[in-house]
Amino acid sequence: MAETIAELAGRLIGSDAGGWSQDGARALVAGLGWSWTDTAAGPVIGTGRATGEARLRPVGSMEQRYAGGEAYVELAVPVGPAEPDAASQAAAFRAAREELTAALGEASVIGVYGDVGPFYDSGQLWGSPYLRWRDRPSMLELRAGRTGPELILQPSDPVENCFWRQGVGEEYSITGFFGSRNDTSNVGLGFPGGWYARSWETVTGALADFLDTLPAEMAALGTSVSMPFYGQLAKGGAPILFGVNCGERLSLCCFDEDIDGAALGWGTVAEHPATRSAWPEDDDPRWRFDAGGPGEPSGRALAEMLVASARAVGVATPADLVLGGEAEYLGPYHVTFYGLGLKTG
């Protein structure tokens with residue numbers, strides 16, 4: 001009978017990587033009953049699983065600054081190949097997540113890598129969700145991989161050092177979002193500083209990247225988010241301007257009734273009836289937009305609509321557009337939306 005994802009996870013967690021040295025990694029692979037073949041790109045690990053070969057990532061120039069004597073920084077094992085479309089990838093990830101959560105309990109950390117993954121790798125085009133069961137000296141991660149979800153066994157310090165040291169304050173230095181829960185597994189967890197957008201062009205780009213993949217990532221993680229955005233106005237006050245609500249569909253609304261919403265790209269509930277699930281009252285808010293499910297949103301167009309609306313209302317600078325603190329809670333996780341580059345309040 002084929003080994004389940006949960007059984008594989010249990011074997012990985014129970015294994016000893018010997019400090020992730022060359023000898024330790026070889027012993028790890030042998031202990032798992034797998035084969036080792038050296039290639040120019042690094043070792044290829046034959047698992048005998050129908051999902052394909054595993055990969056060991058050597059410490060190279062991008063990893064060296066974060067490593068502390070390790071020869072390798074991850075063992076990646078594909079666990080669920082799926083068709084390349086966003087809905088299929090999200091469904092495969094969610095199925096793996098459900099199985100692992102039932103076996104291991106809630107993950108210590110959840111998040112989305114965005115464009116900047118571990119050691120500055122690019123994420124997957126459909127989305128880049130991950131869950132992490134944190135431990136020392138190694139931890140387990142479920143990550144969106146090349147062809148489907150992958151289980152990653154990795155030394156804890158290098159990947160956390162990389163994340164912490166991304167907080168340099170430069171635009172886009174950290175992307176995506178990071179959520180942790182109040183649990184003993186997160187004792188000693190460090191949080192990097194963020195960055196703030198300095199132009200409306202940056203706000204537009206950051207929102208575009210975020211909204212483009214949000215439904216697929218929420219579907220994959222099995223959660224939903226409700227995000228209010230406020231505007232600090234020169235005439236005084238900081239009213240709520242927009243709402244972004246996303247589970248497996250992305251809905252947006254604008255609460256300001258004085259703008260010409262139609263000219264800016266908004267519609268009404270009659271034109272976007274799916275938004276009733278987020279805002280049941282047909283006239284409150286008046287302006288709506290149903291952006292669709294996994295793989296469907298046009299993030300750039302949505303971002304341009306939001307930024308144009310904020311400026312039409314009288315939000316003068318990116319520093320005056322504020323993400324409501326209510327958005328920072330996804331179930332038991334406290335979330336920081338690093339990739340948006342906006343103040344939170």
Side-chain angles (χ1 to χ4, degrees), residues 2 4-6 8-9 47 49-55 76-101 107 110-118 121-132 141-152 175-177 179 205-225 227 244-252 265 267 271-275 277-278 289-306 330 337 339-340:
T4 67
I5 297 173
L8 171 61
T47 65
R49 297 175 57 86
T51 48
E53 299 168 322
R55 306 180 310 279
V77 188
V79 295
E83 294 299 316
D85 64 280
S88 297
Q89 290 288 332
F93 188 100
R94 182 168 184 165
R97 179 196 65 81
E98 290 173 348
E99 182 177 339
L100 290 170
T101 301
I110 67 170
V112 164
Y113 282 118
D115 291 335
V116 183
D121 278 352
S122 298
Q124 307 307 311
L125 292 178
W126 71 269
S128 52
Y130 67 93
L131 297 96
R132 189 180 299 157
E141 180 169 300
L142 177 68
R143 184 186 303 168
R146 301 172 184 176
T147 60
E150 297 180 342
L151 274 181
I152 313 292
T175 57
F177 64 79
L207 281 169
D209 291 343
F210 178 72
L211 297 173
D212 216 31
T213 55
L214 190 61
E217 290 159 345
M218 292 295 102
L221 293 170
T223 189
S224 60
V225 65
M227 308 175 71
V244 172
N245 189 286
C246 189
E248 294 194 18
R249 281 189 87 77
L250 173 60
S251 295
L252 298 85
E271 297 167 291
H272 300 280
T275 61
S277 62
F289 199 96
D290 171 29
E296 295 179 352
S298 174
R300 186 76 192 183
L302 296 172
E304 289 174 350
M305 180 175 71
L306 290 177
L330 297 185
F337 292 93
L340 289 178

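Scope of the values below: all heavy atoms of this structure, side chains included, with no hydrogens, waters or symmetry mates. It should be emphasised that the depicted structure is a prediction, and the values quoted were computed from it without experimental measurement.
- Between the CG atom of Leu211 and the CG atom of Leu306 there is a distance of 6.5 Å, given to the nearest 0.5 Å.
- To the nearest 0.5 Å, the span separating OG1 on Thr175 from OH on Tyr113 amounts to 10.5 Å.
- Rounding to the nearest 0.5 angstrom, the gap separating the CG atom in Leu214 from the CZ atom in Phe177 is 7.0 Å.
- The structure places OH of Tyr130 at 9.5 Å from CZ of Arg143, a figure rounded to the nearest 0.5 Å.
- Within 6.0 Å of CD on Glu83 lie no more than 12 heavy atoms contributed by other residues, nucleotides or ligands.
- Within the 3.5 Å criterion, the main-chain N or O of Ser277 finds no donor-acceptor partner in the side chain of Ser251.
- At a cut-off of 3.5 Å, with distance as the only test, a side-chain donor of Glu217 or Thr213 sits close to an acceptor on the other residue.
- In this structure, the separation between CD1 on Ile110 and CG on Leu142 is 12.0 Å, given to the nearest 0.5 Å.
- For Ala76, the side-chain contact (heavy atoms from CB on, under 4.5 Å) criterion is met by Arg55, Glu74, Glu150, Ile152, not counting sequence neighbours.
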Discussion item. Show, in sequence, the C-alpha distance, side-chain angles and deciding distance for Leu207 and Leu302, and conclude whether the side-chain contact (heavy atoms from CB on, under 4.5 Å) test is met.
Written reply: CA-CA 8 Å; Leu207 281 169; Leu302 296 172; over 6 Å; no
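- Between Glu99 and Arg94, no side-chain nitrogen of the basic residue sits less than 4.0 Å from a carboxylate oxygen of the acidic one, so the salt-bridge criterion is not met.
- Across every non-hydrogen atom of Leu340 and Ala206, the tightest pair is O-CB, 3.8 Å.
- For Ala301, the side-chain contact (heavy atoms from CB on, under 4.5 Å) partners at least two apart in sequence or on another chain are Ser298.
- A search for salt bridge (charged side-chain N to carboxylate O under 4.0 Å, His left out) contacts involving Glu304 returns Arg300, not counting sequence neighbours.
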